[in-house]
Amino acid sequence: MSGVVMDLDVKKIRQDFPNLHVSVHGKPLVYFDNAATTFKPRVVWEAMDGYYQKYASNVHRGIHELSEKATAAYEATRGKVQKFLNARDSKEIIFTRGTTESINLVAYSYGRHFLKDGDEILISEMEHHSNIVPWQMLCEEKGCILKVIPFNDQGELIYEEFERLLTAKTKLLSIVYISNSLGTINPVKKMIKAAHARGALVLVDAAQAVGHRRVDVQDLDCDFLAFSGHKLFGPTGVGVLYGKAELLNKMPPFHGGGDMISSVTFEKTTYAALPYKFEAGTPAVAEVIGLGAAIDYVLSVGFERIEACEQSLLEYGTRALQKVPGLKLIGAAREKAAVLSFILPGVHPHDIGTLVNDEGIAIRTGHHCTQPVMKHFGVPATSRASLSFYNTTAEIDRLVEALLKVREVFP
Amino acid sequence: MTHDSRSELYQQVIIEHNKSPKNFRKIPGATHEAEGYNPLCGDHLHIYLHVQEPGGVIDDISFEGDGCAISKASASLMTTSLKGKTLKGADVLFEQFNHLIKGELHPDKDPNVPGKFSVFSGIWHFPARVKCASLCWHTMKGALDKVKTVTTE
């Protein structure tokens, strides 16, 4: 009975996402690339459309009606993000272009001004390149040292190694909440507590977390947290950096320009207060408004339902994929999100990707911007099915069938 | 209209060359060699050539590396096409292959194009896979031009 109710719910939810109903090669699309980007519910682009059709204008500038309306809608999203993350204050919410820019903002503004030669930055072996490269660039410039927490063959961080690497020299821990290539959910709350006890600040890369579970920055007590709108059923081109106000206040601006000043003369410029100090130039107004609609939508579905649905899809998928001879799952953490990375010995992931695409199934193949993870497992690439609450067990069955056909082509 | 890509892209020739690639080995004392990378997928190939001078004849060519079926089969077929060719002849084939994967050449209609190239004549339908087929050719060209590393990006 509960299964029936669930299916009916999913059917209803799927109506909100027109993109789920397209065909590929004459077959109904199965979209299993949600870790790359999620589809957007109708309400998101309707909100953006509303802005473009009825009150398109710049924010924080004009005193005319439309600009005031645009500013109100833009700032309303900031309030929604604040509540969504349970931040203390809306000024702790900075709009960026995405997770990558948010991390770069911290590396540039905090890192360049507060870190020095010999300071250590701790990341993990399962980071996305966007949480590796900005720190490498900073280390090169400032003489900081990058340390890496390894993970075991299940894809779980080796906690003892983390404790060993965390020393008085560690000034910053920048850690992924949920791994995009393994699905591992890291014990970030515990790690944040440990890092704070050593006097280190913590940045959480929550790109893969915010669309799948409730994220509470006060409960986690993280110092910074980054995510992208487009992985949260919102538009591309907008993301968020959360930072504790006392830290953001003492950090210098990231970009200079309009909107981030309170006064400019050729002798001296005074920067605006938070959050505008970090929002130079005209922001992605429509996208921010779309993100607000996405957050409303996700909350209307509810994280309890989302988590329950995705966990049951993960369990079903983990079992179902075993029907494919030789298939090996990469990443078997006890705490895991609905990400199924796998290899089929003797078949390159790109060939798998092309062949399942013939069956209308979209999966990701490649290194998923986590080359160190691939190196750990000694593979150049994996295939990855990343699921969301609008996916179904019937779609997983279609993936299994398609993989059995791949086995026929590559016996 | 849709196309049946499995018959088009994964023809038996490709499956066989992937399974048992020709000239999949090192050449000790190679006169030219280069590494080719596709950073997007992590594929890499090492191409070895032995060029006989004077005359500039490729008397041996081989490859090693990891990649998808398309890249392996393409490298395998490339070695069989180039063995015994002059450097000038290799340039001509390189150009022909480049035109072919853009859908600008038709081996069935053009007698000057090696028939074995025809398995790649439909690859332009798969923009994401074109680089898989061309990596070996660019690496070979890099080796002849004395470029040590070639990437698709």
Side-chain angles (χ1 to χ4, degrees), chain A residues 22-29 33 36 128-129 132-133 181 330 341 343-384 401-411, chain B residues 1-21 24 35-46 63-76 101 119-120 122-136 139 151-153:
Chain A
V22 303
S23 357
V24 171
H25 296 304
K27 289 159 188 141
L29 167 71
D33 198 14
H128 188 278
H129 294 167
I132 301 174
V133 183
S181 52
I330 300 283
S341 260
I343 52 168
L344 263 184
V347 196
H348 193 280
H350 276 189
D351 297 316
I352 297 173
T354 296
L355 287 167
V356 304
N357 180 57
D358 286 353
E359 305 298 323
I361 303 170
I363 59 168
R364 174 83 184 265
T365 60
H367 54 57
H368 319 295
C369 292
T370 55
Q371 283 180 332
V373 174
M374 301 298 116
K375 195 176 165 198
H376 179 105
F377 289 104
V379 294
T382 70
S383 304
R384 178 188 72 188
E401 274 171 44
L403 291 171
L404 290 170
K405 283 191 188 172
V406 171
R407 265 280 166 245
E408 284 170 24
V409 179
F410 290 91
Chain B
M1 204 184 88
T2 61
H3 51 272
D4 182 354
S5 58
R6 196 165 336 124
S7 57
E8 203 173 323
L9 195 56
Y10 291 95
Q11 296 176 38
Q12 205 50 39
V13 180
I14 292 201
I15 302 297
E16 275 162 20
H17 275 270
N18 174 56
K19 208 172 157 195
S20 328
F24 191 73
E35 293 271 359
Y37 289 95
N38 183 343
L40 288 185
C41 60
D43 288 354
H44 88 274
L45 292 173
H46 198 124
F63 80 104
E64 283 185 320
D66 283 320
C68 62
I70 305 298
S71 73
K72 249 174 143 173
S74 183
S76 175
I101 57 176
V119 290
F120 293 111
I123 201 159
W124 59 275
H125 287 301
F126 307 88
R129 306 306 302 276
V130 166
K131 284 174 181 172
C132 306
S134 64
L135 177 64
C136 60
T139 309
T151 83
T152 55
E153 297 309 306

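Computed from a predicted model, the values in this text were never measured in an experiment. Here is the naming used below: chain letters follow the sequence lines, and residue numbers restart at 1 for every chain.
- Heavy-atom pairs under 4.5 Å with chain A peak, among Ser71(B), Cys132(B), Cys68(B), at Cys68(B).
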- [ ] Let me see the working for Asp43(B) and Lys72(B) under salt bridge (Lys or Arg N to Asp or Glu O under 4.0 Å), right down to the final yes or no.
- [x] CA-CA 10 Å; Asp43(B) 288 354; Lys72(B) 249 174 143 173; over 6 Å; no
Task: Trace of the side-chain contact (heavy atoms from CB on, under 4.5 Å) decision for Tyr37(B) with Leu135(B) - done: CA-CA 7 Å; Tyr37(B) 289 95; Leu135(B) 177 64; 5.7 Å; no
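- Taking 4.5 Å as the heavy-atom cut-off, the residues of residues 13-21 of chain B that approach chain A are Ile15(B), Asn18(B), ordered by number.
- Residues Arg129(B) and Ile123(B) share a closest heavy-atom pair of O-CD1, 3.6 Å.
- Ring pair His129(A)/His367(A) is tilted by interplanar angle, where 30° to 60° counts as tilted.
- Leu45(B) and Ala75(B) make their closest contact through CD1-CB, 4.4 Å (heavy atoms, listed as atom of the first residue, atom of the second, distance).
- Side chain of Ser341(A) to backbone of Ile330(A): no donor-acceptor contact under 3.5 angstrom is found.
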